[in-house]
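Per chain, numbering begins at 1; letters A, B, ... match sequence-line order.
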Number of protein chains: 2
Amino acid sequence: MTGVFDALAADRGRLERASAAQRVAEVLRDHITEGRLAPGTRLSEEALGEALTVSRNTLREAFRLLADERLVVHELNRGVFVRILEPADVADIYTLRLALETAGVRALHSAAPERLAALRAALDRAEAAEAIGDWVTVGTADLHFHQAVAGIAGSRRIDECMARLMAELRLAFAAVPSARALHAPFLRRNQTLTGLLESGEIDDAEVELTSYLNDARAVIVRAMTENATTESAMGEGATAQRPMTDGAR
Amino acid sequence: MTGVFDALAADRGRLERASAAQRVAEVLRDHITEGRLAPGTRLSEEALGEALTVSRNTLREAFRLLADERLVVHELNRGVFVRILEPADVADIYTLRLALETAGVRALHSAAPERLAALRAALDRAEAAEAIGDWVTVGTADLHFHQAVAGIAGSRRIDECMARLMAELRLAFAAVPSARALHAPFLRRNQTLTGLLESGEIDDAEVELTSYLNDARAVIVRAMTENATTESAMGEGATAQRPMTDGAR
DNA sequence: CTTGTCGGATTGTTCCACAATCCCCTAGCC
DNA sequence: GGCTAGGGGATTGTGGAACAATCCGACAAG
């Protein structure tokens, strides 16, 4: 008889109202990941607070939420800035991605069926978006696909970790001009990988995944460096903000 | 010539003054990880603010920092509570640990030498502490050892991820009565693992690591459940979900 | 025993004030 | 001329108070 209540409890999170800080963070997150707030931009407490009609305290709380997600960096007595993702960051992200997604692949045989279904679903969404040339949506679906790969492991913390990485990757995507050039080559390989997973070929899947991620990393890093040089050649020397210290702990 | 400056830059974080919120968070973190603040206790803004002589604003910011580290949980309109780690959490933590430490082992051949040295150093510290029966220090050194294992990968994000996990694990350690029973059996296996790594036997090391972590997880989960049942049998069957109202002195 | 309602207590949010800090700009020095 | 040292302005860090929103327990009514 408790089954009904358990099912409801699973949706419990949905009805918890969002605090003002969370709503503010959501707005800022959208602006950042969609490139409307350029990396390096300083987010003034006063200006933003006025624009969004929230107090500085609330705004500062929103900043901390975004700092969690690594979308902004906070420098003491200087303020918060939209994160500037450097090629080294992207390389690092892919190192962690490889570890997490590999964990997913390796857990394949003990995975819940719906985890595999999520994989195929994300893949379908990506291809539907490709068909109509909506490359931004393709990028989103691609991220969801890889989140699903890591999700095979069925670990809440792995899921959270991947979600963070994907949020960071959006920053990289926003810094690359052509979304199509970025995603098109990898759609087919997503297909390949899914096939291997659905037929249970763990070892082959792991090999494909490794080479996939290495290739993707190289593509993005190259796109970023090219883009960076052309940008700095055009002027706009947006003083590369230092890659932060994280002196928190 | 930049070598000197790079070395200095590495220590840059050390001289950045800590904000009041960071100092408050540090105090609370120590109390929590050392078990002086029992899991489930509610951290009242007013009471704590008065005790530490900081304003609610600053205290709330410290709470956010601790929530980042998963040492406390924040419930809207209810306040923050010292995190209650459940057996399922521990199991989940070990799933992620396995992924991260495996990534370290696999990167062995392309690792910087000092990463391996850190491994041996942590091991030595653990054994020195064991010799004098200081099992709390043994636990700390053990955490550092495993952080070093994952650190072989040389990824900043993997390091941060592990640091978070280790902070969470401290919560589990604090919930287990006998630190000795917890750590003693695994010191020798740390030795074994280090030997395999130092001689470059990646595959064997990975096998040993996997079995090691599975065993450790089982030990901790069992210790936690046993402890929980004896505790609830001793009175106050707080449903393990909802922490008791107060209890903060 | 369940349901509605009330009141106290705590958090969420805003607003204001002031100190601490950073950054740029200018003046002065060698 | 280039470099160093202050000065002034702007912004963040922190404290404090007030009010609204919300939760929780207790009590009353059906």
Side-chain angles (χ1 to χ4, degrees), chain A residues 1 5 9 12-28 37 40-67 72-82 237-242 244-245 247-248, chain B residues 12-28 37 40-67 72-83 236 238-239 241-249:
Chain A
M1 276 308 163
F5 297 104
R12 176 192 41 191
R14 198 187 300 169
L15 71 152
E16 277 175 8
R17 297 164 306 290
S19 72
Q22 290 172 322
R23 294 193 300 269
V24 169
E26 190 169 347
V27 170
L28 292 177
L37 276 172
T41 313
R42 172 155 159 277
L43 301 177
S44 157
E45 295 185 354
E46 193 174 6
L48 265 183
E50 189 173 350
L52 299 171
T53 58
V54 293
S55 76
R56 277 178 61 206
N57 282 335
T58 302
L59 191 56
R60 285 165 70 90
E61 177 150 352
F63 283 163
R64 176 143 300 286
L65 293 174
L66 293 174
V72 304
V73 294
H74 183 153
E75 301 187 17
L76 194 61
N77 289 318
R78 283 178 33 89
V80 309
F81 302 81
V82 178
T239 53
Q241 126 201 4
R242 38 180 201 270
M244 123 226 49
T245 63
Chain B
R12 170 183 26 134
R14 198 185 301 167
L15 71 153
E16 279 178 5
R17 295 163 308 291
S19 72
Q22 289 172 326
R23 292 193 302 269
V24 169
E26 191 169 347
V27 170
L28 292 177
L37 276 172
T41 35
R42 170 153 162 277
L43 301 177
S44 157
E45 295 186 354
E46 193 174 6
L48 266 183
E50 189 173 349
L52 299 171
T53 60
V54 294
S55 74
R56 277 179 64 205
N57 282 334
T58 303
L59 189 58
R60 285 167 69 90
E61 178 144 351
F63 284 163
R64 287 173 223 141
L65 291 173
L66 293 174
V72 303
V73 293
H74 183 157
E75 302 187 17
L76 193 61
N77 288 318
R78 283 178 32 89
V80 309
F81 302 81
V82 178
R83 174 79 178 280
E236 204 63 33
T239 50
Q241 285 289 355
R242 279 291 173 256
M244 52 223 65
T245 50
D246 206 330
R249 9 161 323 219

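In this structure, CZ of A:Arg23 is placed 11 Å from C1' of C:dT13, rounded to the nearest angstrom. Taking atom CG of residue A:Leu48 and atom C1' of nucleotide C:dT14, one finds them 17 Å apart after rounding to whole Å. Protein atom CZ of B:Arg42 is 11 Å distant from nucleotide atom P of D:dG25, rounded to whole Å. A straight line from CZ of B:Phe81 to C1' of D:dC24 spans 11 Å, rounded to a whole angstrom. Note: CD (A:Glu50) to P (D:dT12) measures 13 Å, nearest angstrom. Following rounding to the nearest Å, B:His74 (NE2) and C:dT11 (C1') show an atom-to-atom distance of 8 Å. The CZ atom of A:Arg64 sits 11 Å away from the P atom of D:dT14 (whole-angstrom rounding). One atom, CD of B:Glu46, and another, P of D:dA18, lie 14 Å apart when rounded to the nearest Å.
Between B:Val24 and B:Ala62, the shortest heavy-atom contact is CG1-CB, 3.6 Å. Taking each heavy atom of B:Arg78 and B:Arg42 in turn, the nearest pair found is O-NE, 3.4 Å.
Applying the side chain to side chain donor-acceptor pair (under 3.5 Å) rule to B:Arg60 yields the partners B:Glu45; only residues at least two apart in sequence or on another chain are considered. Here A:Ser55 pairs with A:Thr58 under the side chain to side chain donor-acceptor pair (under 3.5 Å) rule; sequence neighbours left out.
Mapped onto DNA chain D by nearest heavy atom, B:Val54 and A:Val80 fall at different nucleotides, with A:Val80 at the one closer to the 5' end.
Here the nucleotide nearest the side chain of B:Asn77, chosen from C:dT21, C:dT13, C:dT11, is C:dT11. Listed candidates were D:dT11, D:dG13, C:dT10. Nearest to the side chain of A:Leu76 is D:dG13.
Here CZ of B:Phe63 is found 12.0 Å from CD of A:Glu61. Values are rounded to the nearest 0.5 Å. Note that the CG atom of B:Leu43 and the CG atom of B:Leu28 stand 6.5 Å from one another [nearest 0.5 Å]. Interatomic distance, A:Arg56 CZ to B:Asn57 CG, rounded to the nearest 0.5 Å: 10.0 Å.
Near DNA chain C, defined here as any heavy-atom distance below 4.0 Å, the residues from residues 55-63 of chain B are B:Arg56, B:Arg60, listed numerically.
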